[in-house]
Amino acid sequence: MTTPLELKTKSKIQWCPGCGNFGILTAIKSAISEAGLERHNTCIVSGIGCSGKTPQYVNVYSFEGIHGRVLPVATGIKLANHKLTVIGHSGDGDGYGIGMCHFMHALRRNIDMTYIVHDNQIYGLTKGQYSPTSDKGFSTKSAPEGVIEEPVKPLELAIAGGATFVSRGFVGELDHLKKLIVQAIKHRGFALVDILQPCVSFNYKNTYKWYKERVYKLEDLKDYNPENKIQALEKAFEWGDKIPIGVLYKETRNLYEDYLPQIKDIPLVEQKIENIDITGMMREFI
Amino acid sequence: MTTPLELKTKSKIQWCPGCGNFGILTAIKSAISEAGLERHNTCIVSGIGCSGKTPQYVNVYSFEGIHGRVLPVATGIKLANHKLTVIGHSGDGDGYGIGMCHFMHALRRNIDMTYIVHDNQIYGLTKGQYSPTSDKGFSTKSAPEGVIEEPVKPLELAIAGGATFVSRGFVGELDHLKKLIVQAIKHRGFALVDILQPCVSFNYKNTYKWYKERVYKLEDLKDYNPENKIQALEKAFEWGDKIPIGVLYKETRNLYEDYLPQIKDIPLVEQKIENIDITGMMREFI
Amino acid sequence: MIKNKISWMIGGEAGYGIMAAGTTFAKACSRGGLHVFINSEFPSLIKGGHNISLVRVDEEEIYSHLDTVDLLVALNQETIDLHLNEIVPGGGIIYDGEQINVTKESLKRKDVVLFSVPLTKIVRELGAELLLRNTVVVGASMAILDYDFGLLEGAIRDSFGKKKGEIVEQNKKAARMGYDYVKKNICEECGYKLEQRKAPERMLLTGNDAIAMGAIKAGCKFYAAYPMTPVSAILHTMAEKAKEFNLVVKQTEDEIAAMNMIIGAGFAGARAMNATSGGGFSLMVEALGLAAMTETPIVTIEGQRPGPSTGQPTHTAQGDLKFLLSAGQGEFVRIVIAPGDREECFYETFNAFNLAEKFQVPVLILVDKFLAEDYKTTEFFEHSNLQIERGKLLSQEELNEISDYKRYLNTEDGISPRVLPGQLNGVHCAPSTEHDEAGFSHEASDALMTPEVVKMMLEKRMRKLSSIEKELKPPKLYGPQDADITLVSWGSTKGPIFEVMKLLEKDGIKANFLQILYLSPFPSEEVKRILSTAKTIVDVENNYTAQLAGLIREKTGIEIQHRILKYDGRPFYPNFIYKGLKDIKDIGR
Amino acid sequence: MIKNKISWMIGGEAGYGIMAAGTTFAKACSRGGLHVFINSEFPSLIKGGHNISLVRVDEEEIYSHLDTVDLLVALNQETIDLHLNEIVPGGGIIYDGEQINVTKESLKRKDVVLFSVPLTKIVRELGAELLLRNTVVVGASMAILDYDFGLLEGAIRDSFGKKKGEIVEQNKKAARMGYDYVKKNICEECGYKLEQRKAPERMLLTGNDAIAMGAIKAGCKFYAAYPMTPVSAILHTMAEKAKEFNLVVKQTEDEIAAMNMIIGAGFAGARAMNATSGGGFSLMVEALGLAAMTETPIVTIEGQRPGPSTGQPTHTAQGDLKFLLSAGQGEFVRIVIAPGDREECFYETFNAFNLAEKFQVPVLILVDKFLAEDYKTTEFFEHSNLQIERGKLLSQEELNEISDYKRYLNTEDGISPRVLPGQLNGVHCAPSTEHDEAGFSHEASDALMTPEVVKMMLEKRMRKLSSIEKELKPPKLYGPQDADITLVSWGSTKGPIFEVMKLLEKDGIKANFLQILYLSPFPSEEVKRILSTAKTIVDVENNYTAQLAGLIREKTGIEIQHRILKYDGRPFYPNFIYKGLKDIKDIGR
Ligand SMILES: Cc1ncc(C[n+]2csc(CCOP(=O)(O)OP(=O)(O)O)c2C)c(N)n1
Ligand SMILES: Cc1ncc(C[n+]2csc(CCOP(=O)(O)OP(=O)(O)O)c2C)c(N)n1
Ligand code: SF4
Ligand code: SF4
Ligand SMILES: [Mg+2]
Ligand SMILES: [Mg+2]
């Protein structure tokens, strides 16, 4: 158990003043604390992007990988030592652009980890190109005439792709966000938290105000059942005047790890590697 | 207009006797003929795999790229010369494994091309490892204890990802398959044809017989409307005792090309590149 | 009084508009007929980091920045702390004394002049955002330098031209207030003088700008890229110019797609390009070999930054030379060009497209952050006589004459006549798998793909090497033939080395400079000829392992003993090289 | 009568069970105490292509195949057409005369013996599938060679052991019928003799097998790979052994994932490996730099096949050396090892894991199809005294002593004490971005990430080079010190070169062989020492550009004039090298 204060690092925070990432940082620290995690048994993995700076600011074990590869690194860490709580931090470009292949394949594996996507609908770190989630028509440096592709719908893909926990948060709803992350951490399986995160420097369209006017909480709906896949898909499709936040979909399924008797008793990293006997194996080649 | 016979090349065919790819080859040649395409205005693009040999056997312009990259190459060709009819041939590993990222992003672009996936639920060319579409529990060289991941559901992903034409064929239903491909070629937009293609050498489970016992045609359903997305998603989810073939989903949407005034009049390749005047551009830097 | 020779630096947090101030200042100078060089450093983030822009102005042509500052504009305290040492004796600091508390005593520098301008107050008076301090201080600087305010006004007008007139007016006003404040309250004449000179109009541009222009001029029609520092600006420029020049510009899902897309476009017959940095280039390596095997012309720009891995995303290095020379499995011909200045960025990018099509090979252009992002005044490019050469591209008439067209015909020069999809009578397959002359890979058949055929096809492709060698200009030797020191280098170090040559000339030391522009095919003969008679050879590179020196030894057997290397993420200062040379014992002083 | 010395080849279409027949035949020989070498060629497809398996048997140790065939087993006409020239005078052809129509006349070879065995008929009699012809013909071969049938029976039993007993029985019967047919109807003694010898039990294995075993012995616990010829077999073996040795084996979505996963596992503290070929390695390049920057130990196997691009997926080459040496942006230390035989595959893979952890660097093992997939009889590995060395891995006790743990401490040898996630008191970040000793990248702050810090960290990492150099064994010189010819090579050519040395010895020519096992760090001093006194140096490589020769010139200045190169997708035959040597003029005969 650790406190948010203990989770602060010595690094100066390098996001633009007002950036939505500050909210995510607050939420993740509170959530780690609230979920009762220990610093040395928690591992954050990021890619590259403004989101990718998160590991530098949370005082747990962490790995800042390369652009788009959060999930493979996180998978390697988790399978090597499944006693660790593994939390990935990605961006909309990092996770749904260049990292799309790993995302789709992680969904169906259902390894026990949390995947937080800082979704600002823009490439922040590289100063304002459109991202896979940018709204159609949105004009940026790389598309002065406006984006002409349909945006990626991450939650819809996650559900269709076999995720067992699919949620969306908003940094303008900090407490709600923190609770979502706690749920995601506690979920047994792959848990996606897509976070609406205003980029105050480059996304002039999807601002705090823009999101605030649109988001509503699924919890406030009387009859929403996150275990109904088709209903969840419909909700995931909703984007525009109304944007749902909360847990869209939830399902109980075996973990990938459950199928691995190799690590049932002890994690790989704790297994003895001295004096492994290969005599029998050699004899098979006679 | 060309005949299937003219579409034969000088190459010896190198698939295993009995392989489902022979059926696909027959169907694609008939479809090219029936759709009224000309040899020199048609371009086939493949990746690597048993499916990747297709370009060698169809006498149109063709490009055999590298493993998993059918769609980017096809995109480059089409945008450079959109007068060509571009047809991609991929495998389940090539297209839904290593090529997944390009697949998901192609769906939302809706460039006018046909994408044929030889889906044998196995890695054929590399001699029998499981593929992303292999059924759970299926045992292969790389998973002697059986696959422990949920399979990729390509049609579900295609629909969720924004495809405008999503279909499935079966080489055991050749005429149906040919007609599907003709429809796909004629569809204005990105058209997916996922083909159940038995691999007689390595997939001992999903055989001709196995598929035959399960497939049924959507056309035979009275009330199936391929323009209903939610219904299509439900159908796409269906796999096991019953497997639907036919057009699952269809939608009319602007092409990516429609948003490019640059190529409205003439394709890029036909534009003059001599004596381009950059004086004005230079003056902007004063 | 120093005239028309100034090293001016502005510094502050990211988000303070440091870059914009630097270019406005520089543009005003350039429009006055002066030569300008801008170097900027900024960390890989948007706001909150320390940014600087260092503008050097001179009436002679200048090729790089210096490690000294005459006038430091400090928008925050950190700027003073970090850069105080760089200020020359007698230099000045321009700052907002109402916000930052410094005295000569606190700085322990009696030899600097403090110019306090109430930037914040002026901005508040204007009712503008704090950001505008940058323009106020540029105005103030121009007053201290006693420069023509009209030229600054013009630069402001054109810089903000695309934005609303309101913004332009406000900036003009801000500059004016800064200017007037100095003139009225500090000094009418402050010991500096910048004066307009008669000169032809010049551009103020970066290597990225020159590359984009070279590509557009070459008829590049398809540009597909994934953003990456330091060459994202090429994407932005191409996108901005897409309408005007009828380009298709595609921001892709990743670099793998970017590379495969331009290969597709190149195969279809459009001139196609992309640009990336080392990390993105890593992802293009597999498809690089694909271009080579299918003999598809493409052009790729690689903008180096310090590695390994993410490294220092916004700094500079020359660490990727060897990587580019041998990236990709198997053996194949690639052309690698390392432009040393903006002119070469332009002409060699243009040239690259011709080479790619004539030899049907991938062409890589290797730059770095220093060259790609830094601005320099540059003469207009001579573009009217640039010829598009498409090599052995068969016309429909020519193709009609051929009965059994073979895409990969085994020719003497290794180059096979090419046709494009859409042409009648030329249908063929372009395979990534080894194939025969007709493009059949016959993988199954040892009777068709015999060891002899395999050997023949590989030799055919490799023969392009000597064909290309014949075409490329020999490397340039700048300076006298019979020098005491021969500097050898490649890429962006050209600028600082030109500056060093000026310094050495003043010292009466005879030096020359061998610039290797084409790294592959490597001009072994010429380099050997030049170096084997050179007296003292010094290799200068912005890397740790002296990659060019290694290459030269491999190709010529000559081991260069003296090396001036730098690998701290920063470009060379002329002085660093100069001092390095002085340290090399056997150089006479 | 030739005794215990035979070159036996079986050929036919893919799908005919050529490989299986080859190994069964070879196994039977190996179990009789004979030495065996199998070379197989098969195209990149499953059925329908031409496959061969060439088994060489001898009582002396043998290191490669030959270019001559004593007995050719032809399951189809094409085999005869393609390989007739390879049959020695007096050699034989075993075929099914009822299916294939050949005579000495039609072959224009009076000097071959035709053994017609009704394979198809025998299979039909057995009521078995046509596939079984392969076993029948192996039985027939053994009769012609007059070998002990019991040894063949044992080999069949154990080869099919995992399949149903029925299959074993049927195969035994098939072999017997082939055997008996020959003895009864063709010849009791046929001019050949293979005889069991007293010898210790030996393994018959491939480089892939040896690598997998080396990894398992080294405690590799996590294996993540995407299948790729010629090293897919490592994935299969690891998967097969996962239960027995408690490994986690993951077939990934692509090679990018495979590389990043093992980096994750390595960071977490598990010994981790993957294997691929050039195309897949291209996709791993970006993450290779990540491993270097975060100082994460990993081991990667690269199995070469001819490129560029898809190239010839099922053939062999040594074309990726330079690629591996400089793959990745920026400059970093990697260890590159090129085993030359199965023993080295085993021991060096084991060693690789120790090196990776001790120096906290990526280790690359470079093999090729020839070494990875071809079988050779090999003595049991001495594995009992192999020590696991994990380097500076801090125990919890040691860590408790440290007040302010710094993951990237600047040490003299460049290696910083390492802790694993899960350990108390060692929390840190491992960043791909350049960072300080504590792992902070402080990107924004020039005050913290000064040029000096950047330089220090790069130098720290590069210092590992000399630490590693001290640890690695010097390169081996086989043969006499004072030879007339010094052969220089790397990797799988070792086998053919050993054979050539035997030939040269017979000729009375004094030759030695310098094998470069460690390509990076390169043993410049030793190589220079050895080569500078060598008389005639000959570089032998399975590539076009003589990559090792280039590297040697770069590192030592020595230019190797004589080169024997091969780049047709096939491995060296000893004779090819032998003839090449004879062609080199200044070699005395
Ligand atoms: C292989 C590679 N390509 C490109 C880049 C440059 N790059 C760094 S971050 C980034 C995109 C950032 O966008 P996103 O993931 O949305 O993160 P954000 O900055 O918005 O949080 C890019 C293109 C890189 N580091 N590596
Ligand atoms: C980058 C890369 N990795 C791996 C391979 C090896 N490889 C060739 S085809 C293939 C998989 C084939 O499976 P699939 O796409 O399903 O095609 P199929 O053979 O079943 O038609 C693999 C792994 C390769 N050629 N390139
Ligand atoms: S660029 Fe955008 S996302 Fe990045 S730190 Fe600034 S506001 Fe935040
Ligand atoms: S391996 Fe399978 S998919 Fe490939 S050719 Fe043979 S049967 Fe067809
Ligand atoms: Mg973003
Ligand atoms: Mg398949």
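Chain identifiers are assigned alphabetically (A, B, ...) following the order of the sequence lines, protein sequences preceding nucleic acid strands; residue numbering begins at 1 within each chain. Below, all heavy atoms of this structure are taken into account, side chains as well, without hydrogens, waters or symmetry copies. Because the structure is predicted, anything quoted here is derived from the model rather than measured.
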To the nearest 0.5 Å, tell me how far [X] [atom1] sits from [Y] [atom2].
| X | Y | atom1 | atom2 | result |
| --- | --- | --- | --- | --- |
| A:Met282 | D:Met213 | CE | CE | 7.0 Å |
| A:Ile77 | D:Asn260 | CD1 | CG | 10.5 Å |
| A:Ile276 | D:Phe350 | CD1 | CZ | 9.0 Å |
| A:Ile66 | D:Thr433 | CD1 | OG1 | 11.0 Å |
| A:Arg69 | D:Ser432 | CZ | OG | 12.5 Å |
| A:Tyr57 | D:Cys429 | OH | SG | 10.5 Å |

Side chains of [X] and [Y]: does their closest heavy-atom pair fall under 4.5 Å?
| X | Y | result |
| --- | --- | --- |
| D:Asn246 | A:Lys272 | no |
| D:Val419 | A:Tyr61 | yes |
| A:Phe285 | D:Leu205 | yes |
| A:Val73 | D:Met261 | no |
| A:Leu79 | D:Lys250 | yes |
| A:Val269 | D:Phe222 | no |

Looking only at heavy atoms, what is the nearest atom pair of [X] and [Y], with distance?
| X | Y | result |
| --- | --- | --- |
| A:Cys43 | D:Phe267 | SG-CE2, 3.9 Å |
| A:Gln14 | D:His442 | NE2-C, 3.2 Å |
| A:Asp277 | D:Phe245 | O-CE2, 3.5 Å |
| D:Ile263 | A:Phe63 | CG2-CZ, 3.6 Å |
| A:Ile286 | D:Lys27 | O-CE, 3.1 Å |
| A:Cys101 | D:Asp254 | SG-OD2, 4.1 Å |

Pairs of heavy atoms under 4.5 Å with chain A: top-ranked of [options]:
| options | result |
| --- | --- |
| D:Pro421, D:Ser384, D:Ala438 | D:Pro421 |
| D:Ala272, D:Gly219, D:Gly289 | D:Gly219 |
| D:Ala265, D:Ala270, D:Gly266 | D:Ala265 |
| D:Ile262, D:Thr377, D:Thr378, D:Ile256 | D:Ile256 |
| D:Gly269, D:Ala287, D:Ala257 | D:Ala257 |
| D:Arg31, D:Arg202, D:Gln423, D:His435 | D:Gln423 |

Got a salt bridge between [X] and [Y], using NZ or NE/NH1/NH2 to carboxylate O under 4.0 Å?
| X | Y | value |
| --- | --- | --- |
| D:Lys221 | A:Glu270 | no |
| A:Lys10 | D:Asp436 | no |
| D:Lys241 | A:Glu284 | yes |

_Quick check against the 3.5 Å criterion: does A:Gln56 have a side-chain atom that pairs as donor or acceptor with the backbone of D:Gly439?_
yes
*Any donor-acceptor pair under 3.5 Å from A:Gln262 side chain to D:Val248 backbone*: no
*Between A:Ser46 and chain D, which part of the residue has a heavy atom less than 4.5 Å away: side chain, backbone, both or neither?*
neither
_Segment of A:Leu71 engaging chain D (4.5 angstrom heavy-atom cut-off)_ = neither
Highest number of heavy-atom pairs under 4.5 Å with chain D: which of [options]?
| options | value |
| --- | --- |
| A:Leu260, A:Asn41, A:Leu268 | A:Leu268 |
| A:Asn81, A:Ile263, A:Asn59 | A:Asn59 |
| A:Lys83, A:Gln271, A:Glu274 | A:Gln271 |

*Assess the side chains of D:Glu253 and A:His102: does a donor N or O sit below 3.5 Å from an acceptor N or O?*
yes
